[in-house]
Amino acid sequence: MSTTAETAVTEEELAAGRRAYELDRRHVFHSWSAQKQITPMTITRAEGSYVWDGEGRKLLDFSSQLVNTNIGHQHPKVVAAIQEQAGKLCTIAPQYVNDARSEAARLVSELTPGNLDTVFFTNGGADAIEHAIRMARLHTGRYKVLSAYRSYHGGTALAVNVTGDPRRIPNDYGTSGTVHFHIPFLYRSQFHAATQEEEVQRALEHLEQLILLEGPGAFAALVLESIPGTAGIMVPPPGYLAGVRELTRKYGMVFIADEVMAGFGRSGKWFAVEHADGVEPDLLTFAKGVNSGYVPLGGVAISDEIAGTFANSPYPGGLTYSGHPLACAAAVATINAMRDEGMVENAANLGETVFGPGLAELARKHVSVGEVRGTGAFWAIEFVKNRETREPLAPYGGSSPAMNELIAACKERGLLPFANFNRIHVVPPLNITEEDARTGLGILDEVMAIADGYTE
């Protein structure tokens, strides 16, 4: 790695950051935000597991930005691959073959479960979901789609309606053909279950009843995050994904596994669906970790059966930048670096030896922690006002002064967190060192002491 990151941020960098902030506030429109109510952080530099803000502070990135920089920042092998590709072929239309796209498709196909051996490249996760659903509708001749509450699938028109969190609500005009269902989540069970086994059984019964009430011949697809990410990292209990797969087969639906956030090593396996032995989706969507966001890229991995639907009938869809050479070159370098450096194995090991036991100990120590859950480098801490009532420290769909204070305290102590509602997620790069991982947990320990002061 470069040694630039070890030197202090220069006055020139700070001045450039100040100008960037001024221009941002004058001209840039930010996602999911009331534009006059935000003071976005300026990032002047990033390397490995760290970023530097507009004041020159060094922060440990426990967010992986939007849980996408799985190999950390400025990985030299990926930077070099992008530079090399730019010198050879910056861009080419998707109807032409190029070696970066072909090799990226081969590598993705090699990693995906089952016979998902054909890849349609997109620009990101949302349009991967859009195209997966389009493929399913054309393949089945049906229209409706099942998706879960407490899920996130993207911000484009259909993807945000498939989404099952509050961001859907202002965008929902009831025209997307989406029907939502509850997934197993024992800590906040919708099924009055006392055990994980009861939760799974009742969740599957609920899903099948919903299919029957809505019309079993109406559904083209069921879309499900293999492990829900932004919604709270609720790892599916044993048997649930297998039960869902069985129901999709029973009622002739395409099973779409959304691996946009959980895929490419985040869960300690290449794809999170692999935690459910033998479960093979019909379509698998990916993005984020495929090249750590160095250049925008997503895609749909397609089963042989669904690919066959379009063997002699044109697929009515495409993107100008599908399989963009710079993005695909970054993907090739990323996958190879992850393999060569054992990053997926490192994520699994950190989950078992550092994050799992470390967070469990913090939960025992701090009364503000209702539950910790996760796997690999993919964990959530749920903060509550009261452990008995499980009242969250911020309401579902919103924030609170308490959570805002916790987030600010993290940053003051040198930690960049990923926060959503009443949770902080522990989602650092997969190649973070054990020392840095423990440093981050130490900062969270201090912050939890602040949260304890808000309990009843």
Side-chain angles (χ1 to χ4, degrees), residues 68 70-71 75-139 154 156 254 256-257 259-260 263-264 270-271 280-340:
N68 65 315
N70 287 9
I71 62 169
H75 193 291
K77 293 178 182 176
V78 182
V79 172
I82 295 168
Q83 291 170 334
E84 181 181 350
Q85 183 64 42
K88 181 170 61 174
L89 185 68
C90 275
T91 189
I92 201 72
Q95 65 264 35
Y96 304 109
V97 174
N98 75 83
D99 57 355
R101 184 192 303 139
S102 298
E103 180 64 4
R106 183 189 72 82
L107 288 171
V108 171
S109 299
E110 193 173 83
L111 294 170
T112 50
N115 66 351
L116 302 173
D117 292 332
T118 306
V119 179
F120 176 74
F121 285 111
T122 65
N123 301 323
D127 48 350
I129 287 290
E130 298 264 348
H131 283 279
I133 292 173
R134 186 182 304 181
M135 291 173 189
R137 285 172 168 168
L138 292 165
H139 177 71
T156 50
V254 171
I256 303 171
E259 293 270 355
V260 169
F264 286 94
W270 278 102
F271 293 100
E280 297 176 2
D282 300 301
L283 297 169
L284 182 150
T285 61
F286 63 88
K288 291 185 183 287
V290 67
N291 66 5
S292 284
Y294 282 33
V295 183
L297 183 68
V300 185
I302 308 164
S303 68
D304 292 345
E305 181 184 359
I306 294 178
T309 297
F310 307 103
N312 295 298
S313 298
Y315 174 64
L319 298 151
T320 299
Y321 304 116
S322 176
H324 192 281
L326 294 182
C328 287
V332 171
T334 296
I335 293 168
N336 287 332
M338 290 178 73
R339 280 176 158 171
D340 294 345

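Of all heavy-atom pairs between Gly299 and Ala128, the closest is O-CB, 3.4 Å. Of all heavy-atom pairs spanning Phe271 and Pro113, the tightest one is CD1-CD, 4.2 Å. Between Leu111 and Arg339, the closest heavy-atom pair is CD2-NH2, 3.5 Å. Across all their heavy atoms, Gly289 and Asn70 have their closest contact at CA-ND2, 3.6 Å. When all heavy atoms of Ala81 and Ala329 are compared, the pair lying nearest together is CB-O, 3.9 Å. When all heavy atoms of Phe264 and Met338 are compared, the pair lying nearest together is O-CE, 3.1 Å.
Rounding to the nearest 0.5 angstrom, the gap separating the OG atom in Ser322 from the CD atom in Gln95 is 10.5 Å. Rounded to the nearest 0.5 Å, atoms CG (Leu326) and CD1 (Ile92) are 12.0 Å apart.
Exactly one residue among Leu284, Thr285, Asp282 makes a side-chain contact (heavy atoms from CB on, under 4.5 Å) with Ile256. That residue is Thr285.
In terms of modelled atom types and a separation under 3.5 Å, the side chain of Asp127 and the main chain of Glu130 share no donor-acceptor contact. Checked by atom type and distance alone, the side chain of Gln85 pairs as donor or acceptor with a backbone atom of Leu89 at under 3.5 Å. In this structure a side-chain-to-backbone donor-acceptor pair under 3.5 Å is present from Ser292 to Ile71. Using a distance-only test at 3.5 Å, with no hydrogens or angles considered, no donor-acceptor pair links the side chain of Asn123 to the main chain of Gly298. Arg101 places a side-chain N or O within donor-acceptor distance of the main-chain N or O of Pro94, the cut-off being under 3.5 Å. The main-chain N or O of Glu103 is never found under 3.5 Å from a side-chain atom of Asp99 such that the two would form a donor-acceptor pair. Without hydrogens or angle criteria, Ser313 side chain to Phe310 main chain gives no donor-acceptor distance under 3.5 Å. With hydrogens and angles ignored, the 3.5 Å screen pairs no side-chain donor or acceptor of Asn115 with any backbone N or O of Ser303.
Considering only heavy atoms from C-beta on, Val300 stays 4.5 Å or farther from Thr118 through its side chain. Residues Ile306 and Leu283 form a side-chain contact, since some pair of their non-hydrogen atoms from C-beta on lies under 4.5 Å apart. No side-chain heavy atom of Phe121 sits under 4.5 Å from any side-chain heavy atom of His324. With a 4.5 Å cut-off on side-chain heavy atoms, Leu107 and Val332 count as touching. A heavy-atom distance below 4.5 Å is not found between the side chains of Tyr321 and Thr122. Leu116 has its side chain out of reach of Ser109: every pair of non-hydrogen atoms, C-beta onward, lies at least 4.5 Å apart. Using a 4.5 Å heavy-atom threshold, the side chains of Ile82 and Val295 count as touching. The shortest side-chain heavy-atom distance between Leu138 and Pro316 falls under the 4.5 Å cut-off.
By the 30° and 60° cut-offs, the orientation of the rings of Tyr315 relative to Phe120 is perpendicular.
Side-chain contact annotation: His75 with Tyr294, donor-acceptor N/O pair under 3.5 Å absent.
One finds a salt bridge joining Arg106 and Glu110 here, because a Lys/Arg side-chain nitrogen approaches an Asp/Glu carboxylate oxygen to under 4.0 Å.
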